[in-house]
Amino acid sequence: MTALVLLEIENGAVRQASRSAVAAASAFGSVDVLVLGAGAEAAARLPGVARVRHAESLSDSIAESASALLASIAAEYTHIISAATANGKNILPRLAGLLDVQPIPDVIAIQDADTFVRPIYAGNALATVRSSDNIKVLTVRGANFDPVASEGGSASIEAIALDTSATIPSVEEISVNLSTSERPELESARVVLSGGRGLKDAANFKLLDPIADKLGAAIGASRAAVDSGFAPNEMQVGQTGKIVAPELYVAVGLSGAIQHLAGMKDSRVIVAINIDPEAPIFRVADYGLVADLFTVLPELEQAL
Amino acid sequence: MKILVPIKRVVDYNVKVRVAADGSGVDTQGVKMSMNPFDEIAVEEGIRLRESGAAKEVVVVTIGAQAAQDVLRTAMAMGADRAILVKTDDTLEPRAVANALKAVIERENPSIVSMGKQAIDDDMNATGQILAAKLNWPQATFASKVVVNGDKAEVTREIDGGTATFAVPLPAIITADLRLNEPRYASLPNIMKARKKPLETIELESLGVDTASRLTTISVAEPAERQAGVMVSSVAELVEKLKTEAKVI
Ligand SMILES: Cc1cc2nc3c(=O)[nH]c(=O)nc-3n(C[C@H](O)[C@H](O)[C@H](O)COP(=O)(O)OP(=O)(O)OC[C@H]3O[C@@H](n4cnc5c(N)ncnc54)[C@H](O)[C@@H]3O)c2cc1C
Ligand SMILES: Cc1cc2nc3c(=O)[nH]c(=O)nc-3n(C[C@H](O)[C@H](O)[C@H](O)COP(=O)(O)OP(=O)(O)OC[C@H]3O[C@@H](n4cnc5c(N)ncnc54)[C@H](O)[C@@H]3O)c2cc1C
C-alpha cells in the first residue's frame, strides 16, 4: 500500500501540520508526497518519504486545479491525506467528489487501513468509522500525530503536470491578506495564551502581549473576541477555528463555551483566569484562578 | 438569478449531547433541534443578495425526515421564497447529500448555491466541496464576504494565515463561514406569512440517485473526561504550581 500526502509549504519549509500528516500516513505503508508550487527540496528532506511529486505551476490555494491533479494520480494510491488545515479542508473533499468517495475529515486516530476515529458534535463524542471506499481520502488533525522531523530524508523529486485538455473551472486569486506575527504559529506553539470577551476591547487585548513574550507563547482568541474586533479571525480557537493542543493553554476572560473547548481541551495543562467562579472553563482547567484579569495580568507579567 | 440554499436540521448548538449507553450513536431523543447555524448564515446571504437586486429568488432545500419541514419554515420566515423537502428517513453522508442536491440543482438551475461550510452535528465540512466537484462548478469555501458582479462573484475566504479574495465565475458553490453576516430574526408576522409559502415534498427515491453509505459507524464514545483541577488563590501560587508541579514554565 502506498499513501500520498498533499503537503503545504510556508516560507520554504514544510508546515508542521503537514509533517504530522506524513507521520499519520506512514501507518499505511510507503509514503509519497505532492508539492504544488515551490518547496520540493524541503519535501525531499522529510524522513520516510519515498518520492516527491512536484507540480510547480499549480497553487494549493486553488482547489479546482489541485483536486483535478490529485484525481489524475489517485489510482496509484490507497490513501490520500492532508492536514486538516484551511487548504486541506478546501481541496480534499473536492477530490473525494471527483473520485466519488466519502471523505473522512479530521481524523484523530488510525485503527487500521480502513478504520478511523474522528470527533463529532464539536468533540463531545468520538466516532469510530470504517470506510468501504477503495481510495480513502482523509484529513488529519496535526495535534494528534507527532510530526516527522524536517530533515533526514532524501527522496527523489519527479515533476508532474495537470492535463490541460480537462475543463477545470477558472477561479482566480485577486488578493491575499496575511496577518504577520513574530510569534510562534498557533497550532505548533508550546504555550498558547488566549483572550476572550472579558478583555473588553482591542487595546486591552494587548495586555496579553508582554506575557506571551515572556512565555514564548502564541496568542489565541475566542470567537466573541474575534467578532468584537479584538483579534484577527485566524487567531480563533475552537470548533470552527484552529485546533490546538499545547503543553500549556492559558484562558483569560473567556467563558469556555463548548465550541471553544472543542479547539483546546486536549491541551496538556489548562489554566483559567475568570472573574466568574461558575464559568464552564473551570471544569476543564487544571489550575483555576477566580479574579479580575485586569489585576491578574500585570501581576502575572511581574511574576514571570 | 436564483439562489439555492441547502439547509440541515441539527441538534441545537446550545445542547450538550450525550453518547447513547450502547455506544451506537448520540442521544437525540427529545433534544432541541434547529437549523444548522452556518446554514442560517447562508440563508441570510441569499436573502441579502435578493434584497440588493443581485438575485430574484431564494429557494431552500433540505434532505431529511418530515420533521425537517420546521427548518424550511424558519428559512421562509427569514425571507426565503419557497422550499423543497427531499424526504427520507435515512441519515445521509455528505457524498449522498451531494448526489441528491445535484439532482435538485439540475431541476432548479440556480446561479449560486449558498450553503453552510459545515454541519455542527457531524462536523464534516465536505458537502459543498463534493457537490462542486460533481457539478464541475467552482467553489468558494469559508466565505466571509460575497460581492456579485454580473457573471462573477468576488468572494473573500478565511484561510489559515488571514483572508484571500477570489474571482469565481458563476454558477458556483459558496460555503458560509461565521463572519459572513449576522442572520436576522424572523418576526411574528413573517412567521405567519411563511406558513403560506410553497413547500414542495419530493421522495428521495424519486430522484434516482446513489445514496448508499460508504462509512459505517462502528461505535461512538465519550471523549476522555478531564480531571477536575485545583483552584489557586493568587498569581504567586499559580506561577509556583506551573513551575514546580506542572513543570510547564
Ligand atoms: C456554530 C458556532 C461555532 C462557534 N465556533 C466557535 C469557535 O470556534 N471558537 C469560539 O471560541 N467560539 C465559537 N463559537 C462561539 C461560542 O459559542 C461562544 O459564544 C464564545 O466562545 C464566547 O466567547 P468568550 O468566552 O470570549 O465570551 P463570553 O462567553 O462572553 O465570556 C467572557 C468571559 O469573560 C469573563 N470576564 C469578564 N470580565 C472579566 C474580568 N474583568 N476578569 C476576568 N474575567 C472576566 C466572564 O466571566 C465570562 O466568562 C461558536 C458558536 C457557534 C454558534
Ligand atoms: C453518531 C453518528 C453515526 C452516523 N452513522 C451513519 C451511518 O452509519 N451511515 C450514514 O449514512 N450516516 C451516518 N451518520 C450521519 C451522516 O454521517 C451525516 O449526517 C452526514 O455525514 C452529513 O454530514 P454533515 O451534515 O456534517 O455535512 P457537512 O458537509 O458538514 O454539511 C455542510 C452543509 O451541507 C448542507 N447539508 C448537509 N446535509 C444536508 C441535508 N441533509 N440537507 C440539506 N443540506 C444539507 C448544509 O448546507 C450544511 O451546512 C451518522 C451520524 C452520527 C452523528
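Any value given below was found using the heavy atoms of this structure, including those in side chains, with hydrogens, waters and symmetry copies removed. Chain identifiers are assigned alphabetically (A, B, ...) following the order of the sequence lines, protein sequences preceding nucleic acid strands; residue numbering begins at 1 within each chain.
- Listed here is the closest heavy atom pair of A:A125 and B:V220: CB-CG1, 3.8 Å.
- Contact annotation for A:L95: neither backbone nor side-chain heavy atoms come within less than 4.5 Å of a heavy atom of chain B.
- Your options are A:E8, A:K242, A:E187, and the one with the most heavy-atom pairs under 4.5 Å with chain B is A:K242.
- Using a 4.5 Å heavy-atom threshold, the side chains of A:K265 and B:P223 count as touching.
- By number of non-hydrogen pairs under 4.5 angstrom with chain B, the leading residue of A:I270, A:D266, A:T115 is A:I270.
- Contact of A:I258 with chain B is made through the side chain alone, with heavy-atom distances under 4.5 Å.
- Taking all atoms of both residues into account, the shortest heavy-atom contact from B:A133 to A:R94 is CB-O, 3.2 Å.
- Between the A:S132 side chain and the B:R214 main chain, a donor and an acceptor come within less than 3.5 Å of each other.
- Heavy-atom distances place no part of A:F116 under 4.5 Å from chain B, backbone and side chain included.
- For the set A:A285, A:A303, A:P93, the count of heavy-atom pairs under 4.5 angstrom toward chain B peaks at A:P93.
- Interface remark: A:Q236 contributes side-chain atoms only to the contact with chain B (heavy atom separation under 4.5 Å).
- Both the backbone and the side chain of B:A221 have a heavy atom closer than 4.5 Å to some heavy atom of chain A.
- Residue A:A291: no heavy atom, backbone or side chain, is found under 4.5 Å from chain B.
- Proximity to chain B (any heavy atom under 4.5 Å) is shown, for A:P103, by both the backbone and the side chain.
- The residue among A:T167, A:I62, A:V191, A:N87 with the most heavy atom pairs within less than 4.5 Å of chain B is A:T167.
- Side-chain atoms of A:T240 and B:F38, non-hydrogen and from C-beta on, do get closer than 4.5 Å to each other.
- Remark: side-chain polar atoms of A:R118 are paired, donor with acceptor, to backbone N or O of B:D122 under 3.5 angstrom.
- Using a 4.5 Å cut-off between heavy atoms, A:E10 does not touch chain B at all.
- Using a 4.5 Å cut-off between heavy atoms, B:A236 does not touch chain A at all.
- Looking at A:E64, the atoms closer than 4.5 Å to chain B (heavy atoms on both sides) all sit in the side chain, from C-beta outward.
- Only the backbone of B:S233 comes within contact range of chain A, with heavy atoms under 4.5 Å apart.
- Contact detail for A:V171 and B:P138: the closest heavy-atom pair is CG2-CB, 3.5 Å.
- Proximity to chain B (any heavy atom under 4.5 Å) is restricted, for A:R190, to the side chain, taken from C-beta onward.
- Chain A forms the most heavy-atom pairs under 4.5 Å with one residue out of B:V230, B:L242, B:V239, and that residue is B:V230.
- Of the listed residues (B:T175, B:T141, B:V232, B:L238), the greatest number of heavy-atom pairs within a distance under 4.5 Å of chain A belongs to B:V232.
- With chain B as the partner, the residue from A:L300, A:V269, A:N233, A:N124 showing the most heavy-atom pairs under 4.5 Å is A:N233.
- Put simply, CD on B:E154 and CD1 on A:I174 are 3.5 Å apart, with the number rounded to the nearest 0.5 Å.
- In this structure, B:K241 does not pair ionically with A:D286, as no charged nitrogen and carboxylate oxygen lie closer than 4.0 Å.
- Annotation for B:R226 and A:S267: closest pair NH1-O, 2.7 Å, computed over non-hydrogen atoms.
- In this structure, chain B has heavy atoms under 4.5 Å from both the backbone and the side chain of A:S131.
- Salt bridge status for B:K134 with A:D100: present, with a side-chain N to carboxylate O gap under 4.0 Å.
- Looking at A:K214, there are no atoms closer than 4.5 Å to chain B (heavy atoms on both sides), in backbone or side chain.
- Side-chain N or O atoms of A:E247 include none that pairs as donor or acceptor with a backbone N or O of B:V248 at under 3.5 Å.
- Counting heavy-atom pairs closer than 4.5 Å to chain B, the top residue among A:V117, A:D114, A:T295, A:V226 is A:V226.
- The backbone N or O of B:L215 lies less than 3.5 Å from no partner atom in the side chain of A:R130, so there is not a single donor-acceptor pair.
- Of the residues listed (B:V15, B:D123, B:V26, B:V10), the one engaging A:Y121 in a side-chain contact (heavy atoms from CB on, under 4.5 Å) is B:V26, and it is the only one.
- Counting only N and O atoms by type, the side chains of B:E237 and A:Y287 include no donor and acceptor under 3.5 Å apart.
- Side-chain N/O atoms of A:N90 and B:Q129 include no donor and acceptor closer than 3.5 Å.
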